[in-house]
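Below you'll find the structure, written out as structure tokens, and then a few comments.
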Amino acid sequence: MTAALDRQAFFNAVRLSPFPGHLTPSQVSGMEAILDACPVDTPLEHLAYGLGTCPIETGWTMLPIKEKGGAAYFARMYDIRGDRPEKARELGNLNPGDGIAFCGRGLVQLTGRANYRKATLRLRALGLLVAGQDLETNPDLAMHPDVAAPVLFIGTREGWFTGKKLSDYLGGGKADWKGARRIINGQDRAAEIALHAQAFAAALKKAGYAPGAAVTKIPVPPVTAAPVPPLVPPAPRRTADPAPPDTGGVTGPTVQTGGVGAWLKSLFSKKAA
């Protein structure tokens, strides 16, 4: 996966709309992660809507966030012992404490034990999670951009959040930018998100986005840096050692008799010979 487009042209365009004339490094890195995770067959309108959802869902950070509110709020809203036990059961939060553990996280708010489990199984099946990665046992994994971005794309494509899918509203001759909000959260701020999504669509067109034209990224192996051993101070000069040669008042770095110093000494001796 990785969206094929001129990224410099894309960022130049979105800097002006929907952003207010500038981008922060974190906003750029967040959008890079989203573009990197884009399935190669994603229609332009679907990519634009995914991007357009993020300013509102993430508070313009374009990075995964945890739902606002504390433990008491999450327990009241999502826990089986809270104020909405029917909602808790719908989310798969059947154990006391699930409402707190499985509160919303991500670029779009993945919420509820059942949805964390569904995301784990689906992303594993697609090769986007390895066997040791499990959102149900480690919910904070949903905060990682490389996990949150696939959740955004696959979840909106397959209707994880409300049963509604992107294809119900956009692409294939459909252009219901406002109605597409029902994929995530009813019509909450739908008109605002629609404008953001259309601005992203214009930027993608300027950048030459082409579904199906994958960009191959060359993996760079991590560099392991070993700690530098501390320097060993030289042994104190013994009184029996000969005095240093007279340099005529010229001072300079002392050349040690071992290691690089010995190599340099032998090199100059060979040149003199």
Side-chain angles (χ1 to χ4, degrees), residues 1 30 33-34 37 39 42 46 49-50 52-59 61-169 179-190 193:
M1 299 192 292
I34 294 169
T42 302
H46 292 194
Y49 196 83
T53 295
C54 293
I56 298 304
E57 292 285 336
T58 71
T61 67
M62 302 305 285
L63 292 169
I65 64 168
K66 186 174 182 179
E67 183 178 1
K68 293 180 180 180
Y73 172 79
F74 300 144
R76 186 171 70 254
M77 295 296 290
Y78 307 129
D79 206 79
I80 194 69
R81 293 182 178 177
D83 294 347
R84 305 192 303 168
E86 298 83 3
K87 186 64 175 180
R89 281 189 283 270
E90 177 188 330
L91 293 170
N93 292 340
L94 304 181
N95 304 314
D98 281 355
I100 299 170
F102 299 102
C103 64
R105 295 176 179 87
L107 293 167
V108 288
Q109 299 292 286
L110 188 67
T111 309
R113 179 187 285 272
N115 288 320
Y116 279 78
R117 182 185 302 129
K118 177 194 292 184
T120 297
L121 296 175
R122 187 66 180 123
L123 295 183
R124 278 184 187 168
L126 294 171
L128 300 174
L129 288 179
V130 299
Q133 294 177 314
D134 191 321
L135 290 160
E136 188 175 3
T137 59
N138 181 16
D140 282 333
L141 189 60
M143 295 288 290
H144 196 289
D146 289 345
V147 174
V151 168
L152 167 67
F153 283 114
I154 309 303
T156 55
R157 173 182 288 195
E158 298 183 353
W160 290 3
F161 305 104
T162 65
K164 302 292 186 180
K165 305 174 183 179
L166 276 171
S167 58
D168 294 335
Y169 301 96
R181 181 59 176 163
R182 294 186 177 91
I183 299 161
I184 304 296
N185 190 9
Q187 286 289 278
D188 176 55
R189 302 183 75 172
I193 292 170

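For the pair T156 (side chain) and L166 (backbone), a donor-acceptor distance under 3.5 Å is absent. Checked by atom type and distance alone, the side chain of R84 pairs as donor or acceptor with a backbone atom of M77 at under 3.5 Å. Under a 3.5 Å cut-off, the side chain of T120 and the backbone N or O of L135 do form a donor-acceptor pair. Counting only distance, with no hydrogens or angles, the side chain of E67 and the backbone of Q109 share no donor-acceptor pair below 3.5 Å. Looking only at distances, no side-chain donor or acceptor of Y116 sits under 3.5 Å from a matching main-chain atom of N138. With R124 contributing its side chain and A131 its backbone, the two residues share a donor-acceptor pair below 3.5 Å. For D134 (side chain) and T137 (main-chain N/O), a donor-acceptor pair under 3.5 Å exists by modelled atom type. Side chain of Y78 to backbone of G112: no donor-acceptor contact under 3.5 angstrom is found. A donor-acceptor pair under 3.5 Å is formed between the side chain of D79 and the backbone N or O of G97. Side-chain N or O atoms of R105 include none that pairs as donor or acceptor with a backbone N or O of P64 at under 3.5 Å.
For the atom pair F102 CZ and E136 CD, the distance stands at 5.5 Å (nearest 0.5 Å). To the nearest 0.5 angstrom, F153 atom CZ is 6.0 Å from T42 atom OG1. In this structure, CD1 in I56 is found 3.5 Å from CZ in R189, a value given to the nearest 0.5 Å. Distance check, rounded to the nearest 0.5 Å: OG1 of T162 to CZ of R182 gives 10.0 Å. Taking CD1 from I183 and CG from D168, the interatomic distance works out to 7.0 Å, rounded to the nearest 0.5 Å. Considering NZ of K164 and CD1 of I184, their distance stands at 13.5 Å, rounded to 0.5 Å.
With contacts defined as side-chain heavy-atom distances shorter than 4.5 Å, the pair T58/L107 qualifies. No side-chain heavy atom of L126 sits under 4.5 Å from any side-chain heavy atom of P150. Side-chain contact between E57 and L152 is absent, with no heavy-atom pair separated by less than 4.5 Å. The shortest side-chain heavy-atom distance between R157 and H46 does not fall under the 4.5 Å cut-off. Counting heavy atoms from C-beta outward, F161 and T111 have side chains that stay 4.5 Å or more apart. Inter-residue side-chain proximity for R89 and I80 is flagged as met; some heavy-atom pair is nearer than 4.5 Å.
Here the shortest heavy-atom pairing between C103 and K66 reads SG-CE, 3.4 Å. When all heavy atoms of R81 and P96 are compared, the closest pair comes out as NE-CG, 3.4 Å. In this structure, P145 and A33 approach most closely via the heavy-atom pair CB-CB, 3.8 Å. Residues A71 and I100 approach most closely at O-CG1, 3.6 Å, considering heavy atoms.
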Q: Evaluate the criterion side chain to side chain contact (heavy atoms under 4.5 Å, CB included) for residue pair L123 and Q133; output intermediate values, then yes/no.
A: CA-CA 10 Å; L123 295 183; Q133 294 177 314; over 6 Å; no
